[in-house]
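Structure, as structure tokens:
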Amino acid sequence: MSLQPPVTKMSPPQDIDQYFTDIHPPLTGRQALLESARCLYCYDAPCIKACPSDINIPSFIQQIHSDNLQGAAQTIYASNILGGSCARVCPTEILCEQACVRNKEAECAPVLIGLLQRYATDHAEYAGHPFSRAADTGKRVAVVGAGPAGLSCAHRLAMKGHQVEIFEASEKPGGLNEYGIARYKMTDAFAAREVEFVLSIGGITLHTHKALGRDVSLAELQSGFDAVFLGIGLQGTRKLLLEHESAKGVVDAVDYIRELRQASDLSQISVPQRAVVIGAGNTAIDIACQLRRLGCEEVTLAYRRGEESMSATGHEQQIARDHQVRICTWSRPELLLLNEQGELQGLQLRRTRFEAGELVDTDQAFTLPCDALFKAVGQTLVLPEDEMQQQLQIEDGKLWIDAQFRTPLDKVFAGGDCTSVGQDLTVEAVQQGKLAAESIHQLLMPVQA
């Protein structure tokens, strides 16, 4: 499958990099001071309950108001060591900010918790790492995957004195933060700097280009380490199950975003004139908006159900509209239309509706001309065949874990998007990695637990 839509490269907008600056500009010092003063510092604060990583939100906001940025950042990092990236990509509008008691007042404007979190983590300065390692325990833990879950797990284990080795399949660590987030959401190589910050605690060795099932096996890790954590994410992309799906111009959205994030010169990215995105989640929104920023003239996002069923938040949907992305709901992709050269030239869709509680086709169909179609219909867990022979249990297409993040395999834990727990959010992956590390520590050091 070609990553590059087979179209003539358009002339990119002048100074194209300016279209990939922060979509939400950071707060200035004065703005942060004024915004932190709006917090009511609630007792039993609902924003804390809504935060998947249990950050003491009123506490760090009060520390910002007191001009104690180091203390504010440390409060954040104590619960979420990737607090900087989560401040940029976390859907605060449906989590902590939605729970903010300010919403119950006439002003209907929550405290800007995400931007305040970013202000604290961006401006705090430390002589060294904000946390120190405990005495060396002599225990060794293997972490497979250097995404948010793996990094969070590794950092917490290192804090407790264990030696950690991370095995990452890609060239760079960071997972989706490095390869899968819209370029305008995480700018200026922030993902790489955050990884460096996490690893600076010490006691963590990173191995890149080390894929499970290719360069290292789960059995080897079990025998060579005292415990193993799997934070392997979701590597596959769901299919549309249409004829000619491998035709030129049919592209996996995550692959295109990966290329876009790693490009040193955005003007060299091939851009279609007319594109259709199939999907309803944040990845679909991300690819649609980035195509518009790159200069794609027409972008249509097609989804088989209604807007209320889209997994992308209302906030993300509005971002798409602000980019003049057409959202075409109740439309199921039915037929890929190719020219004589076998290149994509259009997509036929079938109108749908709910009938007796089930999604059914109608007798109406329509065609969208397009040079490229981007698949953003979800990702899937991919395990090498050799590893499938292990006693890993699959539930709803993901790894089953118990309440302590243990898999059925002895000494093997898992967390993040690869598991059947929670939503596929960066902040939840960080939390699961952290909690899994606590469970691993209890296994390795039961007396001190």
Side-chain angles (χ1 to χ4, degrees), residues 24 26-126 130-132 148-149 152 155-156 159-160 313-315 403-405 415 421-423 425-439 441-442 449:
H24 298 301
L27 298 176
T28 64
R30 177 168 174 76
Q31 288 172 328
L33 181 64
L34 293 173
E35 190 62 27
S36 63
R38 295 184 60 239
C39 182
L40 299 177
Y41 313 125
C42 304
Y43 173 77
D44 199 23
C47 57
I48 298 177
K49 296 178 181 179
C51 176
S53 57
D54 302 323
I55 295 173
N56 190 331
I57 294 168
S59 179
F60 90 71
I61 293 179
Q62 192 280 329
Q63 289 168 311
I64 291 176
H65 191 62
S66 301
D67 199 29
N68 180 10
L69 296 185
Q70 284 74 23
Q74 188 136 355
T75 297
I76 295 164
Y77 291 141
S79 296
N80 184 337
I81 195 60
L82 274 72
S85 59
C86 287
R88 289 162 166 79
V89 304
C90 188
T92 54
E93 67 275 4
I94 63 170
L95 296 172
C96 56
E97 291 178 12
Q98 185 179 68
C100 179
V101 297
R102 285 288 190 186
N103 289 317
K104 298 180 180 180
E105 300 181 359
E107 62 182 272
C108 294
V111 175
L112 299 178
I113 298 170
L115 286 174
L116 286 172
Q117 180 170 315
R118 175 175 176 177
Y119 181 79
T121 54
D122 281 0
H123 291 86
E125 296 180 355
Y126 298 97
F131 301 99
S132 58
S152 175
H155 183 272
R156 184 56 59 106
M159 277 181 60
K160 293 183 177 296
T313 66
H315 174 73
Q404 284 72 49
F405 299 89
V421 177
Q423 303 178 64
L425 297 175
T426 300
V427 65
E428 287 209 0
V430 173
Q431 178 75 347
Q432 290 181 32
K434 177 184 73 179
L435 295 179
E438 296 288 352
S439 293
H441 180 66
Q442 290 179 15

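Predicted model, so just to flag it, every value in this text is computed and none were measured. We use all heavy atoms of the structure for the numbers below, so side chains are in, but hydrogens, waters and symmetry mates are not.
- The shortest non-hydrogen separation linking R38 to V111 is NH1-CA, 3.5 Å.
- Between A429 and P148 the shortest heavy-atom distance is CB-CB, 4.2 Å.
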Test side-chain hydrogen bond (donor to acceptor under 3.5 Å, both in side chains) on T121 and Q117 and set out the steps. CA-CA 6 Å; T121 54; Q117 180 170 315; over 6 Å; no

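- Smallest separation of non-hydrogen atoms from I64 and A32: CG2-O, 4.2 Å.
- Q74 places a side-chain N or O within donor-acceptor distance of the main-chain N or O of P130, the cut-off being under 3.5 Å.
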Between L115 and E35, does a side chain to side chain contact (heavy atoms under 4.5 Å, CB included) hold up when you go through it step by step? CA-CA 9 Å; L115 286 174; E35 190 62 27; over 6 Å; no

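- Between V430 and C86, some side-chain heavy-atom pair lies under the 4.5 Å cut-off.
- Here the side chains of L425 and P91 are in contact, with some heavy-atom distance below 4.5 Å.
- Taking 4.5 Å as the limit, some side-chain heavy atom of R88 sits within range of a side-chain heavy atom of D122.
- Under the rule for a side chain to side chain contact (heavy atoms under 4.5 Å, CB included), Q98 has no partner lying at least two apart in sequence or in another chain.
- For the 3.5 Å distance criterion, the side chains of E97 and T92 qualify, holding a donor opposite an acceptor.
- Proximity of V421 to Q432: side-chain heavy atoms (C-beta onward) are separated by under 4.5 Å at one or more points.
- Separation of atoms CG (L435) and CD (E428) is listed at 11.0 Å; rounding is to 0.5 Å.
- For the residue pair Q62 and S36, no side-chain donor N or O sits within less than 3.5 Å of a side-chain acceptor on the partner.
- Here K160 pairs with E438 in a salt bridge; the nearest charged N to carboxylate O distance falls below 4.0 Å.
- Interatomic distance, I113 CD1 to E93 CD, rounded to the nearest 0.5 Å: 11.5 Å.
- Of the inter-residue distances, the one linking H441 atom NE2 with M159 atom CE reads 10.5 Å to the nearest 0.5 angstrom.
- At a threshold of 4.5 Å between non-hydrogen side-chain atoms, the residues T28 and Q31 count as touching.
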Just do the side chain to side chain contact (heavy atoms under 4.5 Å, CB included) check on Q63 and T75 with the steps written out, would you? CA-CA 9 Å; Q63 289 168 311; T75 297; 2.7 Å; yes

Going through the distances and angles, do S79 and K434 end up as a side chain to side chain contact (heavy atoms under 4.5 Å, CB included)? CA-CA 8 Å; S79 296; K434 177 184 73 179; 4.2 Å; yes

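- Note that the NE2 atom of H123 and the CD atom of E125 stand 9.0 Å from one another [nearest 0.5 Å].
- For A99 against P46, the heavy-atom pair with the smallest separation is O-CG, 3.4 Å.
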Donor-acceptor contacts under 3.5 Å from residues 51-61 side chains, at least two apart:
from : atom 1 : to   : atom 2 : distance (Å)
S53  : OG     : N80  : ND2    : 3.4
D54  : OD2    : Q431 : NE2    : 3.0
N56  : OD1    : S59  : N      : 3.2

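- Counting heavy atoms from C-beta on, the side chains of R156 and I81 never come closer than 4.5 Å.
- Taken to the nearest 0.5 Å, the CG atom of L112 stands 10.5 Å off from the NE2 atom of H24.
- Using the six-membered ring where Trp is involved, Y77 and Y126 have ring planes that are tilted, between 30° and 60° apart.
- For the atom pair SG of C100 and CG of L95, the computed distance is 13.0 Å after rounding to the nearest 0.5 Å.
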